[in-house]
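Just so you know, residue 1 is the first one in the sequence shown, and it goes up from there.
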Amino acid sequence: MLEGRKPFATFSEFYPSKWFEDLLAPFEPFIQSGRITCRIVDTPMPELKTRCPDLEGFRRVYFALPGEEWRIDAYEASIVNGTAEWDDALERLQGSLLGYEDWQNDWWIEHRYRKAAG
């Protein structure tokens with residue numbers, strides 16, 4: 001992202017999570033300087049807490065270059081709209097939002113099924 005090759009990145013994990021916080025910590029100086037924007041979306045999961053008392057829910061962390069924040073909203077919408085049935089169109093949409101070119105999305109869609117089947 002700092003090289004300008006990718007406009008957007010996302011990470012997710014159940015929270016709280018020390019290792020996840022450690023993973024994201026190197027982004028902080030770039031957020032503070034304004035080179036990258038960040039949005040955290042927490043989804044509380046009370047049913048998870050009954051099984052895993054140390055966990056509160058699921059956290060998605062989005063990073064975007066300035067001016068590319070619209071990708072966060074579009075990605076979030078693809079998650080909400082994609083809950084019914086995941087398909088190649090949603091996979092391609094998310095890949096495009098992350099900054100992958102069409103040929104890269106084509107390759108990924110073709111090969112992800114082979115990997116799952118193999």
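- The side-chain heavy atoms of T43 and R60, taken from C-beta on, include a pair separated by under 4.5 Å.
- Take F58 and apply the ring-ring contact (aromatic ring centres under 6.0 Å, His included) test, not counting sequence neighbours, and it matches F14.
- In this structure, E76 CD and T10 OG1 are separated by 8.0 Å, a value rounded to the nearest 0.5 Å.
- Taking 4.0 Å as the cut-off between side-chain N and carboxylate O, R92 and D87 do not count as a salt-bridged pair.
- The aromatic rings of F63 and F11 sit perpendicular, their planes meeting at an angle over 60°, well past the 30° parallel limit.
- One hydrophobic cluster holds both I36 and L24 under the rule that ILVMFWY side chains link at heavy-atom gaps under 4.5 Å.
- Nearest approach of A64 to I72, heavy atoms of both residues: CB-CD1, 4.1 Å.
- Y75 and F27 end up in different hydrophobic clusters when Ile, Leu, Val, Met, Phe, Trp and Tyr side chains are linked at under 4.5 Å.
- Transitive grouping of hydrophobic side chains (ILVMFWY, heavy atoms separated by less than 4.5 Å) brings L93 and V41 into a common cluster.
- Side chains of L97 and W70 form a contact here, defined as non-hydrogen atoms less than 4.5 Å apart.
- Of all non-hydrogen atoms in I31 and C38, the two that sit nearest each other are CD1-CB, 3.6 Å.
- Under a hydrophobic clustering in which Ile, Leu, Val, Met, Phe, Trp and Tyr are joined whenever their side-chain heavy atoms come within less than 4.5 Å, directly or via other members, I79 and L98 fall into the same cluster.
- Two residues are said to be in side-chain contact when any heavy atoms from C-beta on lie closer than 4.5 Å; I40 and R59 meet this criterion.
- The shortest distance between side-chain heavy atoms of E91 and R112 falls below 4.5 Å.
- Here the side chain of E21 pairs no donor or acceptor atom with the backbone of W19 at under 3.5 angstrom.
- The side chain to side chain donor-acceptor pair (under 3.5 Å) test with W107 is passed by exactly one of E110, H111, Q104: H111.
- The two residues P29 and A25 come nearest to each other via the heavy atoms CD-O, 3.8 Å.
- Contact check for K49 versus L55: no side-chain heavy atoms found under the 4.5 Å cut-off.
- Shortest non-hydrogen contact noted between P7 and M1 is O-CE, 3.8 Å.
- In the displayed structure, Y100 atom OH is contacted under 6.0 Å by at most 12 heavy atoms of other residues, nucleotides or ligands.
- Put simply, the side chain of R35 does not reach to within 4.5 Å of the side chain of L65, judged on heavy atoms.
- Applying the 6.0 Å contact sphere to CH2 of W103 captures no more than 12 heavy atoms from other residues, nucleotides or ligands.
- Side chains of F20 and Y15 form no contact here, defined as non-hydrogen atoms less than 4.5 Å apart.
- Across all non-hydrogen atoms, the minimal contact from P66 to G34 is CG-O, 3.3 Å.
- Minimum heavy-atom separation, S78 to Q94: OG-NE2, 3.0 Å.
- Under a 4.0 Å N-O distance rule, the pair D22/K18 qualifies as a salt bridge.
- Looking only at side-chain heavy atoms (C-beta outward), S96 and N105 come within less than 4.5 Å of each other.
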